[in-house]
Each structure stands twice: as structure tokens, then as C-alpha cells.
Trainee: 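Have a look at the structure that comes next, please.
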2 protein chains.
Amino acid sequence: MKFSESEENYIKGIYALQQKSKRVNTNSLASLLETSAASITDMLKKLKSKKLLDYKKYHGFRLNEEGNREALKIIRRHRLWEYFLVSKLGMDWEKIHDIAEELEHVSSKELIDRLDQFLGNPTRDPHGDPIPNEFGIMPEVNQISLKDLQLKRSARISSVSDQSPELMEMLNNYGIRIGTPIKVLQSFDFDGSLKVKIARQPDQMISGLAAENIFVYDY
Amino acid sequence: MKFSESEENYIKGIYALQQKSKRVNTNSLASLLETSAASITDMLKKLKSKKLLDYKKYHGFRLNEEGNREALKIIRRHRLWEYFLVSKLGMDWEKIHDIAEELEHVSSKELIDRLDQFLGNPTRDPHGDPIPNEFGIMPEVNQISLKDLQLKRSARISSVSDQSPELMEMLNNYGIRIGTPIKVLQSFDFDGSLKVKIARQPDQMISGLAAENIFVYDY
DNA sequence: AAATAATTTTAGACAAATCTAAAAAATATT
DNA sequence: AATATTTTTTAGATTTGTCTAAAATTATTT
Ligand SMILES: [Mn+2]
Ligand SMILES: [Mn+2]
Ligand SMILES: [Mn+2]
Ligand SMILES: [Mn+2]
């Protein structure tokens, strides 16, 4: 089935929130999509009628099998385009998300599978997020948030939240990229700030909020 | 200013029809866009109010300076994406038009200028149509329709109408591509059919309607 | 120059996606 | 357990883009 741009954005939003909590609620989706709760309810009815959603009034909702499949297709398109924008067009990682937000809605399967091949079947997008393959299989990730990394453990940046160009701008400033070695030296209870060592740079401080949005491979 | 996908499709349609006749009329645009005459009138009002259109009720319409500029931007995006689909992803020329019809609405200027550079600043799309540069300058074309080519003149295919995958399917069958040498040997008054010599192949017949939609450089 | 035909516009309706304000239901607090 | 608060849904509008049928205008034919 074909879905509208709006429907696709809602599907993707629900998928994202499902990763954090079993059932999703109206308000959290409204705030993610920057829309009103009433609009969410309207769309829930539609997605339910299209059989993508398990939804019981007043008791949250989640994508069913079919809905998840659809979400993975959209995410695949989004992340492949992001990879293209960086690897082929040389764009900066803080600019690509908004453009991919539009490109993801062009839904020719042949286009996307050929793009995938052209790019060399990448498994991670420029923010470190896994790219589903053409069968909708998402590569596994075992990463933890930087804020949960044990003191003095050697780790590498695996991914960063793709939700904020402002975060990426700051990470550029820290010299943080996907793959950069990092170690937490000290944690401050006052506000969750961390003292970190990034690659071979001198020790630096990083805020708790930033640390929450940075993920690492611990090994 | 930003325009909706619909507005952009109308702008592009008007631009195309303007190439054939000074002023455009409601019914021809309706038939090009496969929509009703009433919908055309509705959109004309909107485009006029947005100052893209010179429009007088019952007396046709055409894009003004600003409207033409906007049309050229959309055409540039469309043709660059078509070039990408063929040159980088290896898609067939009869499949690309519909996909570019969607991709053309992603309007980041930086994206398109980088794509242009990545592709090596091509001047023709896979159907032989000229690609406007980043300043909206359209490369010149001096081509004539195959049906107007003098008998026995050596010519080469310069472009083919991009409006019909069915035509392209047939051209594949004839072995016709952009650049293929062609010569008209005889013209039949009965239905405008032509006897042609394509490259080094044996003589073949081609219909008048096909000939109208094939363009050549005459030299 | 009427009458007729063709073209274009208007009137009115509808679906999709959104909103605000009010009502209903669920949850938390006393 | 009753009340207050929060969350969610519904009711009713609005905008965009579309449609059909009818009216208005222009063009063509007699
Ligand atoms: Mn999107
Ligand atoms: Mn990403
Ligand atoms: Mn289009
Ligand atoms: Mn083309």
C-alpha cells in the first residue's frame, strides 16, 4: 500500500517512540512531531483503519507487524539518503537530516535498492544509526549512552542523536565524530557533567544532556 | 518563496506549454496535468495572487519573469535527478521520469548545486533535454523534429519526448539513443510514416507520431 | 447578427490534514 | 472514596486541492 507523506511521518514517529516504551502515548508523539494531541488522535484512527496500528482509546498504541515493516522501509530510505548526502555530496552531518526528511518519501523500491548498491550497502548512517537492509533487517547495535559508561573504560563513539543540528554543531567543536575514541575520567553529581578525554586532546568537560545523546561502544 | 508540490507541478506544466504557444489555455493545461478545467482555474487564481502569473479571465495566461525563474528551478532539479538515476544508478530512461517527478520537489538549493557538481555539471538530461545551470540559464538547443528533417540529410538524435515511457520502449526496440545517427530516406503522405536509416541498420519504417516526438541535430 | 458550439469560470461539495476549545476518561491527591 | 489534575478524545473550523454540474463568456457557423 502507498501512504501519504503525513502518514509516513507519523509511522516513523511511532516507531521511534516504541524503542523507548512498550506502548506510545498521544502526548509524546504530539511533542515529537510538534503537532497537537487532537491531530495525533485523528491520525491514529486512520492508521488503525489501515491496519498498521494496535490502538485502544485512552490506552496508548503501537505499530503492529505490518506497521513495523512499513516504518523500517521509511527509515531505510531516510538513512540511505543521509549516507548519500555525506559520502557522495560531501554535506555536513548537521544539515542532512532535514533533507532526508523529504527524500525519504520518494518510495520507488527499485530506486532505493539501486541507491543502496551504489553506496556499497552501508550498514550505518552518518549519525551512526543502523540502516535496515532490503528485507527490513536492522543490523544489531550494542551501544550504551556515554552517561552510563564506566569511568576510565576505553570506548569509541558509535552514534549520536540525529534529532538536533545544534548538538552536532557542538560535537564538531569537541572534535567528536563516529569512531572517535573517548574515555570518561570523572562524573559530577551536581548536574551530570562529565570530564572526558576525547582522542588525544586535553581533558574537557561535557554536559549531562550532551552525554545522554551520545552513544559509545564499550570494549 | 516556497511552493507546494501541486503548485510546482502546475508551474512546470505552464512553462512547458508556453514553449509551444505564447499564451496557454485552461483546457490544454488540464489535459497535460490530467485534471479538470475547474481545478486549473482554481490554481490560476492562486498563482496569480502569488504574483507568478499574468492571467486575464477567459483570455489565457502565462508565467511572468518570477514564474519563469521558478519553473526553471524545478526543471533543473527534475533533469539533474534524471541524470543521476541513469548515470549513477544505471536505471533505464523509460523509468526515470516518474521518479524525478517526485524528487524534483525536494528544494534545498545546496543539495541541488552539490548534486550538479557531483554529476560533473551535465548540460543534457537522459532524454536530451537541456539542464538549466544554477543561475537558471538554459543551454541553447538547435534541433528540429525528425518529421521536418530533409530527405537524405545526415543527422543525429538530439532528444526525445520525455512524456511517454511507451515511446522510449519502442525507441529501445529501434536501437535509437541520444546521439544515434539517423537519415530519412522517404516520406509517405498517407499517414506521415517515414522510411529511415538508423546507424548502420537496414532501412526501417517509423510512424508519423513517433517522428514528431523525436528531435535531431541537422548538420 | 443570431444561433450554436466550445471554452472557461463559478458554485457548491468533499477528502486530507491541521487547529482550538470543550467534553470525557484515566490517574493522582487528599 | 471523593476530588482535583492530567491526558485523551470529540466537536466544530479552516486550508489546500480536488471534483461535478451549472452559468457565463467567447468563438464559430449559419
Ligand atoms: Mn519526513
Ligand atoms: Mn541519521
Ligand atoms: Mn512533480
Ligand atoms: Mn527528461
Side-chain angles (χ1 to χ4, degrees), chain A residues 1-14 17-18 20-63 67 70-71 74 101-102 104-107, chain B residues 1-14 17-18 20-63 67 70-71 74 101-102 104-107:
Chain A
M1 211 193 267
K2 267 278 244 141
F3 300 98
S4 73
E5 189 160 329
S6 263
E7 288 168 335
E8 291 188 342
N9 286 334
Y10 279 84
I11 292 167
K12 199 158 56 94
I14 296 168
L17 293 176
Q18 270 177 191
K20 309 215 158 182
S21 63
K22 216 98 231 288
R23 282 187 97 74
V24 182
N25 33 275
T26 304
N27 273 346
S28 35
L29 186 55
S31 104
L32 180 70
L33 300 183
E34 296 179 275
T35 185
S36 72
S39 301
I40 301 297
T41 304
D42 288 344
M43 186 59 92
L44 293 176
K45 287 178 193 161
K46 197 179 343 169
L47 294 180
K48 179 172 187 179
S49 85
K50 294 196 174 184
K51 305 218 189 301
L52 297 179
L53 205 62
D54 163 14
Y55 166 46
K56 264 165 217 113
K57 265 197 208 172
Y58 291 103
H59 289 89
F61 46 91
R62 58 181 291 113
L63 296 169
E70 200 53 43
I74 304 163
E101 204 55 53
E102 301 185 49
E104 70 187 358
H105 304 292
V106 177
S107 64
Chain B
M1 213 195 265
K2 267 277 243 140
F3 300 99
S4 74
E5 190 160 328
S6 262
E7 289 168 335
E8 290 188 343
N9 285 334
Y10 279 84
I11 292 167
K12 198 157 58 91
I14 297 168
L17 293 176
Q18 270 177 190
K20 309 217 156 179
S21 63
K22 216 97 229 288
R23 282 187 96 75
V24 181
N25 34 273
T26 304
N27 272 347
S28 34
L29 186 55
S31 103
L32 180 70
L33 300 183
E34 295 180 278
T35 185
S36 73
S39 301
I40 302 296
T41 304
D42 288 344
M43 187 59 92
L44 293 176
K45 287 178 193 162
K46 191 166 7 156
L47 294 180
K48 179 173 187 177
S49 84
K50 293 195 175 185
K51 305 219 188 302
L52 297 179
L53 204 61
D54 163 14
Y55 167 46
K56 266 164 215 110
K57 266 197 208 171
Y58 291 105
H59 290 90
F61 45 90
R62 59 180 291 115
L63 296 170
E70 200 53 43
I74 305 163
E101 204 54 54
E102 300 185 49
E104 69 188 359
H105 302 293
V106 178
S107 64

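Not measured: the values here are computed from a predicted model.
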Trainee: What is the distance, rounded to the nearest whole Å, between atom CD1 of A:Ile40 and atom P of C:dT20?
Mentor: 13 Å
Trainee: Taking atom CG of B:Leu32 and atom CD1 of B:Ile40, what is their separation to the nearest 0.5 Å?
Mentor: 8.5 Å
Trainee: Classify every nucleotide of nucleotides 10-16 of chain D by which part a protein heavy atom approaches to under 4.0 Å, writing B for the base, S for the sugar-phosphate alone and - for neither, in 5'-to-3' order.
Mentor: B-----S
Trainee: Would you say A:Thr26 reaches D:dT9's phosphate, i.e. side-chain N/O to OP1/OP2 under 4.0 Å?
Mentor: yes
Trainee: What is the distance, rounded to the nearest whole Å, between atom CG of A:Asn25 and atom P of C:dT27?
Mentor: 11 Å
Trainee: Tell me the closest heavy-atom pair linking B:Ile11 and B:Leu63, and the distance in Å.
Mentor: O-CD1, 3.8 Å
Trainee: I need the NZ-P distance between B:Lys56 and C:dT9, as an integer number of Å.
Mentor: 13 Å
Trainee: Report which part of the nucleic acid A:Ser39 touches: base, sugar-phosphate, or nothing (heavy-atom distance under 4.0 Å, all strands).
Mentor: base
Trainee: Output the rounded distance in Å from CG (A:Leu33) to C1' (C:dC19).
Mentor: 15 Å
Trainee: Roughly how many Å is it from CE in A:Met43 to C1' in C:dT18, rounded to a whole number?
Mentor: 10 Å
Trainee: Measure the distance from CZ on B:Phe61 to C1' on C:dT9 and round it to the nearest whole Å.
Mentor: 13 Å
Trainee: Check the distance between C:dA16's P and A:Asn9's CG and give it to me in whole angstrom.
Mentor: 17 Å
Trainee: Could you pull out all residues at least two apart from A:Lys50 that satisfy salt bridge (charged side-chain N to carboxylate O under 4.0 Å, His left out)?
Mentor: A:Glu7
Trainee: How many Å lie between CD on B:Glu5 and C1' on C:dA16, as a whole number?
Mentor: 14 Å
Trainee: Give one of base, sugar-phosphate or nothing for B:Tyr10, where a contact means two heavy atoms less than 4.0 Å apart.
Mentor: sugar-phosphate
